[in-house]
Each structure stands twice: as C-alpha cells, then as structure tokens.
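Scroll down for the structure; my scribbles are underneath it.
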Protein chains: 2
Amino acid sequence: MKTAARKFKDTVYAELSKTAKALGNPHRMEIIDLLAQGPFTVETIARYTGMTIANTSQHLQVLKNAQLVAISRKGNYIYYQLTGENVYAAWTSLRELGMAHNTAVKKAIDHYRKGYHNGDAVTAEELLDKVQAGDVIVLDVRPEDEYHRGHIHRAISIPLDQLQERIRELSKKQEIVAYCRGSLCMLVEEAVTLLTQQGYKARKFDDGYKDWALRGYPTAMTM
Amino acid sequence: MKTAARKFKDTVYAELSKTAKALGNPHRMEIIDLLAQGPFTVETIARYTGMTIANTSQHLQVLKNAQLVAISRKGNYIYYQLTGENVYAAWTSLRELGMAHNTAVKKAIDHYRKGYHNGDAVTAEELLDKVQAGDVIVLDVRPEDEYHRGHIHRAISIPLDQLQERIRELSKKQEIVAYCRGSLCMLVEEAVTLLTQQGYKARKFDDGYKDWALRGYPTAMTM
DNA sequence: CAACCATTCAATAAAATTCTTGAATAGTTG
DNA sequence: CAACTATTCAAGAATTTTATTGAATGGTTG
C-alpha cells in the first residue's frame with residue numbers, strides 16, 4: 001500500500017521522465033537541434049535527417065505530445081518549431097553533459113574535425129570585436145532561408161553548396177570568419193577548408209548562430 | 001550509401017541520446033534527484049525509491065554506464081554519487097522544462113501542496129537576509145546524515161520523523177523557516193503543518209539545500 | 001582464509017519503442 | 001466543391017527496456 005507521498009512522487013517523476021524520454025532518441029535529438037534554427041516542414045526535416053516522411057512525422061508527434069515542439073500552418077505546409085527557449089536550454093545542457101562525459105562523442109568530433117586541418121576556432125568575444133571593428137568578412141554558410149530568419153550582424157550569406165561558384169564574391173585580402181549552426185554543424189569545416197585551399201584567409205566560428213544570439217550579441221534578419 | 005557527414009551525425013546523436021535515455025526513466029530520475037544530496041548506498045536508494053535491491057542496482061548500472069554516477073567503496077558498502085555538477089544541472093533543466101510545459105506535473109504539485117495549507121514560501125534572498133540578521137530559526141528536516149554532509153549556515157537539524165517528540169527544542173516566539181531537499185521534496189510541507197498546528201510561527205523554504213548551495217549562499221557541514 | 005554481506009549478474013516474461021508499408025485525413029487551391 | 005498534396009494514422013514485425021527471481025560474485029572482517 002502506497003503512501004500519498006509515494007504516489008505524488010511516482011506521478012511527478014513519471015511525468016518528468018516523459019520529457020527526457022522524448023529527448024532520448026537520436027533522431028529526435030537531431031530534430032531538436034535542427035529546430036533550434038527555426039521552423040521547418042516535415043518534409044525538410046525528413047530530408048535533413050535522412051528519415052522517411054512517415055517516420056519523421058511519428059517522431060514529431062512524440063515531441064509534440066511532450067510539448068517540446070508546436071506547429072503552425074503556412075499555406076499548404078505545417079511548420080514545426082520549438083515551444084520555447086527552455087527546450088533549447090535543456091537540449092544544450094544534455095549536449096554539454098554528453099560531450100563532457102561521453103568519450104565516444106568526443107572521439108567522433110575530434111576525429112571528424114581532424115579530417116579537416118583548419119586552425120583554431122574564433123571565440124565569440126573575438127568575433128564580436130572583429131565585427132564591431134568592421135575588419136572581417138563574416139560568412140554564413142547555412143541554407144539561405146536560415147540566414148534570412150536570423151544571422152550575425154553584417155554577415156553575408158553564401159550557402160555551402162554555392163560557395164565554389166560564388167567564391168569570387170569574397171576578397172583574398174580580408175580575413176573571413178565562417179559559421180553555421182553550432183558545435184555539431186560541420187558545414188563550416190568544409191567551407192573553411194575550401195576557402196583556405198584557394199588562398200583565402202579563412203577561420204571558423206563554431207558556436208554557430210544560435211549561441212551567438214543567446215549571448216545577446218548583435219544579429220539581423222532579412223525581409 | 002551514407003556520407004561521412006551523415007555517419008558522423010549518426011554517431012554523435014546516438015551517443016548523446018544515450019545520456020538522455022539514461023535520464024528518461026522515472027526511477028532513474030528519482031535516483032538522480034536523491035544523489036544530488038550526496039552519496040548513498042544501493043540499499044538506501046532502494047528503500048528511498050521503493051524498489052527492490054536488484055532492480056535498483058540494475059538502474060544504477062544504467063546510470064553508471066552513461067557516466068552519470070560513479071561509485072566509491074567505504075567499508076562493506078558501495079556509495080553511489082553523481083559524477084559532477086553538470087549532471088545536476090542537466091537534471092535541473094529537464095525538471096524546469098517539465099514543470100514549465102507539463103500540466104500533469106504542475107497539477108500534481110499544486111494538488112499536493114494544496115493538501116497542506118501552508119502560506120507562501122520564503123525566497124532564497126529573503127531567507128539569506130533573515131539568516132544574516134539572525135532573527136530566524138532555520139530548520140533542516142532531512143535525515144540527519146544529509147544534514148551532516150551539508151546544510152544552510154546556522155540551521156539546526158530535526159529530521160521530520162523526530163519533529164513531534166523534539167518540538168519543545170524550538171521556540172514559539174521566533175520565526176521558524178523549514179527546508180528539505182528541493183522543489184520536489186515534500187517533507188517541508190509536513191513539517192510546517194505540524195509546527196503551525198501546534199502554535200509555532202513556521203514558514204517553508206522550498207528550493208531546498210542544493211539550490212541554496214549552488215547560489216553560493218553560506219553553508220556549513222558537521223564532522 | 002573462512003564466513004559474511006552488500007551488491008551484481010543471468011534468465012525470463014511482460015511491456016514499450018521503433019521502423020516500414022500503405023491507406024486515410026484534412027487543408028488548400030483552382 | 002473537386003482535385004491535390006502534405007501530413008498523419010494504423011497494423012505488424014523486430015528490437016529494446018523493464019521488473020522479478022534466485023543464484024553468483026567479490027571485497028571485508030574476524
């Protein structure tokens with residue numbers, strides 16, 4: 001026979017664990033990570049994560065039931081988005097925890113980064129100084145729509161898949177700092193490698209847009 | 001055929017989700033919550049959570065594999081403890097997230113708190129002022145060993161199950177502020193009700209010891 | 001080093017999660 | 001309002017997670 005206190009705890013922990021359980025799946029983690037950038041349609045999320053539409057939808061339902069994402073309609077499409085900043089905060093602290101304690105994660109990241117031999121990353125403070133001094137080209141290599149929804153102040157947009165053909169738009173004399181989504185987004189590594197190989201002075205900022213914005217550093221949006 | 005980028009992501013998200021998965025179980029959440037107070041033996045944890053020893057051990061293995069807890073031996077016993085502050089931080093942000101978005105949690109807590117009709121809680125700042133002014137009795141109602149391992153500066157220890165028999169040690173003239181482990185610990189509600197019924201001027205501080213300590217507010221330990 | 005004790009392991013059954021497939025649904029647009 | 005289309009649902013098989021039981025382990029103590 002259970003006491004009232006026991007029942008209370010059972011209820012609370014059962015409910016709280018639902019939130020953690022909703023986050024406790026690789027695909028859903030990736031979805032959260034993506035949605036931190038802004039709203040996306042099911043189809044986009046599916047393509048990005050390499051899942052079938054039906055499966056993606058199912059995972060999105062799980063996240064929706066856990067109140068981690070919400071929907072809004074626009075034309076024929078349904079856009080999914082995080083329900084609040086605290087969702088991103090929780091995901092961040094889980095990511096930090098994982099990256100601090102999980103050697104497999106550390107190894108995977110190190111290994112992947114080593115594949116490119118780009119130098120050290122620019123810190124956020126450093127980049128802020130450079131932006132304010134105006135002596136740097138800040139390059140956003142994410143897909144264009146993500147750039148439009150919000151980017152680092154004065155950044156220019158050249159999505160990675162257009163970089164080769166549009167590389168002439170950049171100057172070889174000025175320092176270039178490239179960024180993408182965040183610490184797990186490797187677009188920036190490819191970009192910096194490409195630029196360096198062709199004689200540009202390129203470095204990376206690997207915190208990404210979201211963390212920049214959360215620091216309260218200057219951002220802008222188009223449209 | 002998967003690209004290198006896809007494989008990298010699969011690895012990273014799979015590993016990161018293991019951490020979240022380890023947290024995504026009611027029993028394990030309760031264990032983390034308890035271990036935030038300090039190290040405990042398997043037997044204590046089992047008794048506290050109402051599980052069998054074997055089952056508790058199994059859950060502890062899961063947490064250990066996820067690097068969320070570590071063990072240390074003392075005599076015949078094995079003590080489990082959190083591997084670091086960031087484990088508590090992640091658990092806190094999940095709890096905050098759950099409490100913000102999950103109506104069932106909110107309802108359970110409200111309902112349980114309503115059962116007692118104690119007034120509003122004292123805030124941490126308020127309590128700090130009172131402690132420094134010295135015009136308050138701070139009462140720690142947790143089990144005695146938790147008190148010894150760390151408590152609010154100048155607090156006295158009367159575990160809840162001894163409160164009735166030792167109530168005379170307290171003064172009816174001075175204000176009493178009781179606390180226990182944290183926002184999910186309801187010992188404090190019982191204590192304040194008991195005290196109020198018998199004519200003591202009692203209020204509750206429901207952030208608990210851990211959050212007090214994390215703010216850097218003054219603490220002490222015995223032995 | 002033998003006895004003891006806390007803890008873990010192993011095996012199993014029950015329950016929950018996951019992915020796939022193909023059909024159903026519900027907005028939107030002409 | 002009919003046709004279209006993005007998204008969801010439903011069913012089922014495969015896998016994983018969980019609790020229980022009873023036996024095994026391995027460190028400590030006399």
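Lettering of chains follows the sequences in order, A, B, ..., and the numbering in each one begins at 1.
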Go through it in stages, so that I can follow the logic: the residues are K210(A) and T92(A), the test is side chain to side chain contact (heavy atoms under 4.5 Å, CB included), and I'd like the CA-CA distance, side-chain angles, deciding distance and then a yes or no.
CA-CA 11 Å; K210(A) 185 79 186 178; T92(A) 300; over 6 Å; no

With respect to the phosphate group of dT8(D), does any side-chain polar atom (N or O) of Y80(A) fall under 4.0 Å of OP1 or OP2?
yes

How would you label the contact of Q61(A) with the nucleic acid (heavy atoms, under 4.0 Å): base, sugar-phosphate, or nothing?
sugar-phosphate

Is the closest basic N to carboxylate O distance between K21(A) and E15(A) below 4.0 Å?
no

Looking at dT20(D), dT8(D), dT7(C), which one has an atom nearest to any side-chain atom of S57(A)?
dT8(D)

Does R215(B) come within less than 4.0 Å of D211(B), counting only side-chain N to carboxylate O?
no

Give the rounded distance in Å between these two atoms: CD1 of I71(B) and C1' of dT7(C).
10 Å

Of the candidates dT17(C), dC9(D), dG27(D), the side chain of A54(A) sits closest to dC9(D)

At under 4.0 Å between heavy atoms, what does Y79(B) touch on the DNA or RNA strands: base, sugar-phosphate, or nothing?
nothing

Under 3.5 Å, is there a donor on one side chain and an acceptor on the other for N102(B) and Q67(A)?
no

Distance in angstrom units between K18(A) NZ and dT17(C) C1', rounded
15 Å

Calculate the interatomic distance between R73(B) atom CZ and dT7(C) atom P; express it in whole Å.
9 Å

Over how many whole Å does the gap from I45(A) atom CD1 to dA6(D) atom C1' extend?
13 Å

Contact check, residues 23-32 of chain B vs DNA chain D, heavy-atom distance under 4.0 Å, returns N25(B), H27(B), R28(B)

Does a nitrogen or oxygen in the side chain of N76(A) sit under 4.0 Å from OP1 or OP2 of dT28(C)?
no

Check E169(A) with R166(A), please: is the shortest side-chain N to carboxylate O separation under 4.0 Å?
yes

Give I53(B) one of three labels, base, sugar-phosphate or nothing, depending on what nucleic acid heavy atoms sit under 4.0 Å from its own.
base

Send over the distance from Q58(B) CD to dA11(C) P, rounded to a whole Å.
13 Å

Measure the distance from CD1 on I78(B) to C1' on dT7(C) and round it to the nearest whole Å.
6 Å

Send over the distance from Y77(B) OH to dC5(C) P, rounded to a whole Å.
10 Å

H59(B) side-chain proximity, nearest of dT7(C), dT8(D), dT18(D)
dT18(D)

Do W212(A) side-chain atoms and P218(A) backbone N/O form a donor-acceptor pair below 3.5 Å?
yes

Taken to the nearest whole Å, CG/N55(A) to P/dT17(C) is 15 Å

NZ/NE/NH1/NH2 to OD/OE distance under 4.0 Å, D33(A) and R181(A):
no

